[in-house]
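To start, the structure itself, in structure tokens.
Order of listing sets the numbers, starting from 1, for every ligand and every atom in it. Position 1 is the first residue of the sequence, and the numbers go up from there.
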Amino acid sequence: MDIENEIDVATQRALLDKVHRHTGIHMAERKWTLLQGRLRRRLQALELGRYRDYLAVLDERPDEVSAFINLVTTNETSFFRTPRIWDHFWQQLLPEWYRQHHGATLQLWSAAASTGEEAYSMAMLCEEFRERHPAFKYQILATDIASDVLAVGKSGHYQGKSIEGLRRGRPELFAKYFQASGGGYLVAPSLRAHVVFREHHLHRRLDGASRFDITLLRNVLIYFDEQGQCNVLENVRRAMAPAGVLVIGESESLTRLNVGFDFELPLIYRRQERVHA
Ligand SMILES: C[S@@+](CC[C@H](N)C(=O)[O-])C[C@H]1O[C@@H](n2cnc3c(N)ncnc32)[C@H](O)[C@@H]1O
């Protein structure tokens, strides 16, 4: 099937609008080539020759929305991405929380979890902490809008670049928590038992009475415009415990936004008890 190369401006805009409507991701028009490349494969699979026909499919078939979301999201991640965050997590956040909350269960949220490396990085450090403090308890929620990456996280099966990075960077944790399986490596049941994966759109409120003590919202705010960022941060704030800790990505900052978090250290913020207008 031949796919058209010239796409009219109205169709381009309509597809960029769909990205925004379904994910909150703000894609500037100059990103059109990137989007076109990703959509091309989908058009081929559906045997469609014109992008405007794909717009109709998106409107008529709700199940196509999930495939569309999987295509348009960028899911790059790795174990222990941004090492200084993890040093802080291990040296400060875990001991500080444990000192202040004896008997409670630490609630952690990987709020744009992608394929789960971030959630399992937390789990490995929590397991290590538990070895030293047997009374320590923790639970991790890993959410993302894209169903295909969540499926990888749920499977706990990693191969290629992702697991090689862990093997090189943290050989002792790799050896302890991963087992060779089916041409890749499977995460240990002791970690999986603590991590729940779930689909969640950050522009919506998280249901349930969640009170996360530590939330990792990393490398996702960059995809939203300012209003979208404020909306997401308000949803995240509501799901967090008072004085809960929020960790963001290296190219992100909350300093210009009045969103109910106080700066603590670069990339680390603390939820305010009350928000002042
Ligand atoms: C670049 S990855 C970041 C993964 C991980 N947090 C990290 O820093 O390594 C961004 C993730 O955000 C997810 N995402 C994008 N828009 C989202 C939304 N509106 N709600 C929830 N997740 C979203 C994408 O599917 C993608 O997996």
Using the benzene-type ring in the case of Trp, are the ring centres of Phe174 and Phe79 under 6.0 Å apart?
-> no
Which residues satisfy the side chain to side chain donor-acceptor pair (under 3.5 Å) test with Arg211, sequence neighbours excluded?
-> none
Side chains of Glu128 and Met124: does their closest heavy-atom pair fall under 4.5 Å?
-> no
Any luck finding a side-chain donor-acceptor pair between Trp109 and Thr143 under 3.5 Å?
-> yes
Without placing hydrogens or testing angles, list every side-chain donor-acceptor pair under 3.5 Å for residues 260-270, not counting sequence neighbours.
from   : atom 1 : to     : atom 2 : distance (Å)
Asp262 : OD1    : Gln272 : NE2    : 2.7
Glu264 : OE1    : Arg270 : NE     : 2.5
Glu264 : OE2    : Arg270 : NE     : 3.4
Glu264 : OE2    : Arg270 : NH2    : 3.1
Tyr269 : OH     : Leu254 : N      : 3.2
Arg270 : NH1    : Ala243 : O      : 2.9
Arg270 : NH2    : Glu96  : OE2    : 3.0

List, one per line, each side-chain donor-acceptor pair under 3.5 Å for residues 27-35, sequence neighbours excluded.
from  : atom 1 : to    : atom 2 : distance (Å)
Glu29 : OE2    : Arg13 : NE     : 2.9
Trp32 : NE1    : Gln36 : OE1    : 3.2

Report all N/O contacts between ligand 1 and the protein shorter than 3.5 Å as a table of atom names and distances to 0.1 Å; if there are none, say 'none'.
from     : atom 1 : to     : atom 2 : distance (Å)
ligand 1 : 6 (N)  : Ala112 : O      : 2.8
ligand 1 : 6 (N)  : Glu118 : OE1    : 3.1
ligand 1 : 6 (N)  : Arg218 : O      : 2.9
ligand 1 : 8 (O)  : Arg81  : NH1    : 3.3
ligand 1 : 8 (O)  : Arg218 : O      : 3.2
ligand 1 : 8 (O)  : Asn219 : ND2    : 2.7
ligand 1 : 9 (O)  : Thr77  : OG1    : 2.6
ligand 1 : 9 (O)  : Arg81  : NH1    : 2.8
ligand 1 : 19 (N) : Thr23  : O      : 2.8
ligand 1 : 19 (N) : His201 : ND1    : 3.3
ligand 1 : 20 (N) : Leu202 : N      : 2.9
ligand 1 : 22 (N) : Ile145 : N      : 3.3
ligand 1 : 25 (O) : Asn75  : ND2    : 3.2
ligand 1 : 25 (O) : Asp144 : OD1    : 2.6
ligand 1 : 27 (O) : Asn75  : ND2    : 3.0
ligand 1 : 27 (O) : Asp144 : OD1    : 3.4
ligand 1 : 27 (O) : Asp144 : OD2    : 2.7

